[in-house]
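Down below is the structure, laid out as structure tokens.
Just so we're clear, the structure is a prediction, and the values are computed from it rather than from any experiment. Scope of the values below: all heavy atoms of this structure, side chains included, with no hydrogens, waters or symmetry mates. For the single chain, residues carry numbers from 1 onward in sequence order.
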Amino acid sequence: LVITILLCVVGSFRNLTFLPIIIGNTLIGIIQELRAKKVLDKMSLLNAPHAIVIRDGEQKKILSKQLVKDDVILLTAGTQICADAVVLEGTIQVNESLLTGEADEIEKTPGSRLMSGSFVVSGECYARLEKVGKHSYISRLTAEAKAMGNEEQSEMIRSINQLVKWIGIVIIPIGIILFWQGYIVNGETFQKSIVSMVAAIIGMIPEGLYLLTTIALALGTMRLAKRHVLLHDMKSIEALARVDVLCVDKTGTITEAGMEVAKIVPAKDAENTFLQSLLRDYASAVPDNNATMEAIRDYLERKGKDKDRDSDTDTDNDSNKDKTAEVQTFMAARRKALEVMPFTSATKYSGVVFEDGKYLLGAPEFVMGNAFEEIADEIREYTKKGYRVLLMAKYPGSDIKGTLTEKPEPLGYVILSNPIRENAKKTFGYFKTQGVAVKVISGDNPETVSEVARCAGIEHAEKYVDAGTLDTDEKIYDAADRYTVFGRVTPKQKQKLVHALQDAGHTVAMTGDGVNDILAMKDADCSVAMASGSEAAAQAAQVVLLDSDFAHMPDVVSEGRQVVNNVQRSASLFLVKNIFSLLMAIFAVVSTITYPLEPAQISLISMFTIGAPGFLLALEPNRNRIEGRFLRKVLLKAFPAGLTDVLIVGSLVVCGEVFSIPASDVATASTMLLCVVGFMILIKISHPMNKFKYGILIFNIAGLLFCGICLNQLFAMSQMSKISILLMIVFAFAAESLFRYLTIGVEGIAKFISSRAHRGAPQK
């Protein structure tokens with residue numbers, strides 16, 4: 001705006017050629033942003049948090065934003081608490097780590113206060129809402145976080161912001177110095193001084209780079225939306241594109257989300273009928289609604305119906321009479337629960353106290369403790385085949401909620417199966433070819449998880465460890481690098497494993513679908529949730545797979561790579577002009593000459609060697625792995641061309657002074673030389689060439705020639721003298737050699753510095 005006003009003041013309307021481009025780019029950017037927002041708003045509505053509210057005596061599922069003060073809601077395991085509330089009835093275990101940083105689960109009983117933003121780990125309760133919307137705790141916390149600024153931006157956006165910031169600072173003093181030198185020192189007219197100063201400043205501003213980045217991210221987000229992938233923030237595209245370690249859970253990621261009971265096996269000296277009856281009463285008593293308990297309930301319901309059907313077929317048959325008696329025993333035995341302890345990720349088991357004793361159901365290693373070896377042989381044949389095994393045991397101790405001090409009595413085993421996803425092998429094969437290591441982090445038996453991972457085609461799946469043996473941070477950090485499969489992992493250990501991998505220099509993505517994954521997802525570089533899992537996990541994640549299909553992960557990674565690689569490549573084109581203009585301005589100040597180019601000529605160069613090819617190249621598929629730092633790579637590619645431009649144009653200006661060539665001829669020849677170098681860097685960054693890239697090159701050369709010949713007055717392109725043409729041809733050939741050798745030199749220096757830094761880094 002300031003530049004436009006200055007040019008209008010001095011009547012140099014011809015040099016306003018940059019305005020249509022900027023206005024056009026801005027309109028395109030706005031339209032793309034609105035399109036992306038419309039798509040994402042529709043998808044966000046599908047994934048919006050819901051709540052079960054009690055209204056008019058009935059349970060209704062509504063959007064959380066529709067809740068009002070004094071509503072009574074039902075909270076169950078996996079639910080995110082969406083407003084400040086107080087417990088009316090029931091008991092739940094709540095994790096407030098997202099608010100307080102404390103990972104311990106806190107028991108909430110009637111009268112306890114609940115903070116929005118925390119989530120329910122286990123149990124079930126009714127709660128009355130006290131503060132909703134902007135008055136809730138999480139809303140106030142979010143407002144404070146926004147006021148403090150966002151430090152979670154991607155490296156690419158952060159680098160571009162730094163460029164814009166420093167350029168914005170530098171152009172002010174340089175512009176003042178150039179105007180002072182032209183008008184006061186060199187005695188140029190006011191108009192000429194303003195025009196030359198504006199040309200230098202226009203050249204330093206990467207006017208299309210930020211817009212290109214925004215559009216590339218918006219288009220990437222929209223393309224992923226068509227594949228049922230929702231991004232909570234666009235920076236996650238880049239984070240996933242840079243990932244070199246992917247941490248996955250077994251259930252819902254490698255395997256299907258659903259779980260089935262394959263069989264129920266009684267322990268030695270235990271009765272099958274008693275075990276099934278006990279399991280039926282146990283499943284009715286515990287409030288857990290996780291996939292495991294739902295699978296057990298479905299199995300028992302089917303068994304009950306099957307036996308009931310069998311008993312009705314032939315009551316005269318003796319065997320059927322026995323079956324009828326068995327069914328009556330099975331259906332009649334209804335134990336009354338005196339005390340219930342819901343399942344938690346920390347203990348790995350749940351418990352119920354009936355009138356006839358205390359019973360536990362959970363991971364055999366955690367239920368049996370030191371006595372696990374007594375039953376290890378009984379379950380090994382199942383874990384080796386990839387089944388998940390739960391132990392039902394009777395506990396002789398006095399309290400099931402504290403540390404188990406007595407040895408439980410095994411009653412039987414629930415054998416659970418999870419079919420591996422059909423496309424699992426193909427998906428993990430893709431990550432293997434891309435150099436992305438996969439770590440399987442699960443709460444299940446490590447041997448079971450290892451077998452499932454092996455069947456899914458995960459490399460080094462035989463390297464597994466029981467996280468129960470990793471009782472110190474040192475052991476966790478050592479195991480993070482050595483093992484691929486981690487079993488019996490607690491939520492806190494998942495978080496520490498992510499930290500260990502990050503400290504080793506890896507970019508880590510964490511996938512999950514349950515509340516036990518949230519801590520690790522929160523600290524990972526990028527978090528991915530399955531929409532079919534816990535609502536709290538889906539709201540905490542940056543990427544949500546709305547159809548819960550892990551096979552979309554290669555699409556997300558590929559899309560991110562296309563965005564970052566193409567923006568990185570196009571950014572090099574923009575920075576060539578910025579480097580040239582900055583160095584040329586410094587050269588003009590030092591040598592007390594007037595900046596040789598006009599804004600219209602800079603616009604012509606920008607249009608056909610930067611803007612148009614940059615946007616077209618950003619559309620090309622680019623699945624190459626991202627390596628190195630964004631800003632460093634961009635500068636290394638742009639610097640040789642920018643330096644070539646300065647040396648060639650500077651030499652041409654000096655020759656113009658020596659041979660008394662008119663300033664307009666020097667400006668036109670300089671413009672053509674900058675275009676020649678511009679096409680050199682375009683060819684360089686476009687390797688390997690293909691039909692699409694050749695088309696871009698030919699289109700822009702044709703456009704440049706058309707504007708230079710047919711619109712020469714608009715872009716200040718004058719007819720050159722023979723000596724000007726001769727100098728331009730000589731310097732064009734010199735530019736090719738200079739650019740080639742500068743590129744070799746800069747790349748060699750960069751490799752030398754990189755190798756020195758690598759040798760100096762501590763070896764792990």
Side-chain angles (χ1 to χ4, degrees), residues 12 14-15 17 178 182 186-189 191-193 195-196 198-200 202-203 576-577 580-581 583-585 587-588 590-610 640-683 697-742:
S12 183
R14 179 180 67 182
N15 287 306
T17 46
L178 284 173
N186 295 344
E188 302 282 359
T189 64
Q191 183 191 47
K192 176 65 176 175
S193 301
V195 169
S196 61
V198 166
I202 283 285
V576 169
K577 181 188 72 168
F580 160 73
S581 295
L583 295 180
M584 194 65 206
F587 174 75
V590 171
S591 59
T592 64
I593 64 169
T594 303
Y595 194 85
L597 297 168
E598 290 192 27
Q601 293 165 338
I602 295 291
S603 297
L604 181 65
I605 297 164
S606 298
M607 192 187 307
F608 293 110
T609 67
I610 299 171
L643 190 56
T644 300
D645 282 340
V646 174
L647 294 173
I648 294 298
V649 173
S651 301
L652 182 62
V653 171
V654 172
C655 287
E657 294 281 344
V658 172
F659 296 108
S660 301
I661 300 173
S664 59
D665 284 20
V666 172
T668 301
S670 297
T671 302
M672 298 309 295
L673 282 174
L674 290 173
C675 289
V676 169
V677 177
F679 287 124
M680 286 181 190
I681 181 67
L682 179 58
I683 293 170
L697 186 62
I698 293 168
F699 168 78
N700 285 285
I701 291 174
L704 177 67
L705 292 173
F706 172 80
C707 290
I709 296 170
C710 301
L711 303 174
N712 58 318
Q713 291 299 317
L714 179 62
F715 291 102
M717 299 293 284
S718 65
Q719 289 186 352
M720 293 185 291
S721 62
K722 292 179 181 179
I723 185 69
S724 300
I725 295 172
L726 180 62
L727 284 173
M728 184 189 73
I729 293 171
V730 170
F731 281 119
F733 280 106
E736 192 280 329
S737 299
L738 187 58
F739 173 64
R740 179 156 35 90
Y741 287 118
L742 280 174

Practice problem: For Val576 and Ala641, work out which heavy atoms get closest and say how close. | Solution: CG2-CB, 3.7 Å
Exercise. Can you measure from CD1 (Ile593) to OG (Ser196) and round to the nearest 0.5 angstrom?
Key: 10.5 Å
Quiz prompt | side-chain contact (heavy atoms from CB on, under 4.5 Å) involving Thr609 - partner list, sequence neighbours excluded | solution = Ile605, Cys675, Phe679
Quiz prompt | Test item: Phe580 and Val677 side chains (from C-beta on) under 4.5 Å apart, heavy atoms | solution = no
Quiz item: Roughly how far, to the nearest 0.5 Å, is CG of Leu742 from CG of Leu647?
Solution: 7.0 Å
Quiz item: Please, which pairs that meet side-chain hydrogen bond (donor to acceptor under 3.5 Å, both in side chains) have at least one residue in residues 665-678, sequence neighbours excluded?
Solution: Asp665-Ser721, Asp665-Ser724, Thr668-Ser718
Quiz item: Leu714 and Ala600: which non-hydrogen atoms are nearest, and at how many Å?
Solution: O-CB, 3.7 Å
Quiz item: What are the two closest heavy atoms between Glu188 and Ser193, and how far apart are they?
Solution: CB-OG, 3.5 Å
Practice problem: Using a 4.5 Å cut-off on heavy atoms from C-beta on, say whether the side chain of Leu652 contacts that of Leu673. | Solution: yes
Quiz item: With Ser651, which residues qualify under side-chain contact (heavy atoms from CB on, under 4.5 Å), at least two apart?
Solution: Phe731
Self-check item: Qualifying residues under side chain to side chain donor-acceptor pair (under 3.5 Å), relative to Asn712, sequence neighbours excluded
Solution: none
Exercise. Look up atom CD in Glu598 and atom OG in Ser603, then write down how far apart they are to the nearest 0.5 Å.
Key: 10.5 Å
Quiz item: Rounded to the nearest 0.5 Å, how far apart are CE of Met728 and CD1 of Ile648?
Solution: 12.5 Å
Quiz item: Got a sec, which pairs hit side-chain hydrogen bond (donor to acceptor under 3.5 Å, both in side chains) with one end in residues 726-739, sequence neighbours left out?
Solution: Glu736-Arg740
Quiz prompt | Distance-minimising heavy-atom pair for Thr644 and Phe739 | solution = OG1-CA, 3.4 Å
Practice problem: Not counting sequence neighbours, which residues clear side chain to side chain donor-acceptor pair (under 3.5 Å) with Glu657? List them please. | Solution: none
Self-check item: Side chain to side chain, Met717 and Cys707, heavy atoms closer than 4.5 Å
Solution: no
Quiz item: Taking only residues at least two apart or on different chains, which pairs with a member in residues 721-732 satisfy salt bridge (charged side-chain N to carboxylate O under 4.0 Å, His left out)?
Solution: none
Quiz item: If you measure from CD1 on Ile610 to CG on Leu674, what distance do you get to the nearest 0.5 Å?
Solution: 9.5 Å
Quiz prompt | Residues that Met607 engages under side-chain contact (heavy atoms from CB on, under 4.5 Å), provided they are two or more places apart | solution = Ile21, Phe715
Quiz item: Does a side-chain heavy-atom distance below 4.5 Å link Leu604 with Thr17?
Solution: no
Quiz prompt | Non-neighbouring partners of Ser606 that pass side chain to side chain donor-acceptor pair (under 3.5 Å), sequence neighbours left out | solution = Lys577
Quiz item: Residues two or more places apart in sequence or in another chain: which of them pass side-chain contact (heavy atoms from CB on, under 4.5 Å) with Phe699?
Solution: Leu616
Practice problem: Determine the minimum heavy-atom distance between Ala200 and Ala585, stating which atoms define it. | Solution: CB-CB, 4.5 Å
Quiz item: Between atom CG of Leu697 and atom CZ of Phe608, what is the distance when rounded to the nearest 0.5 Å?
Solution: 13.0 Å
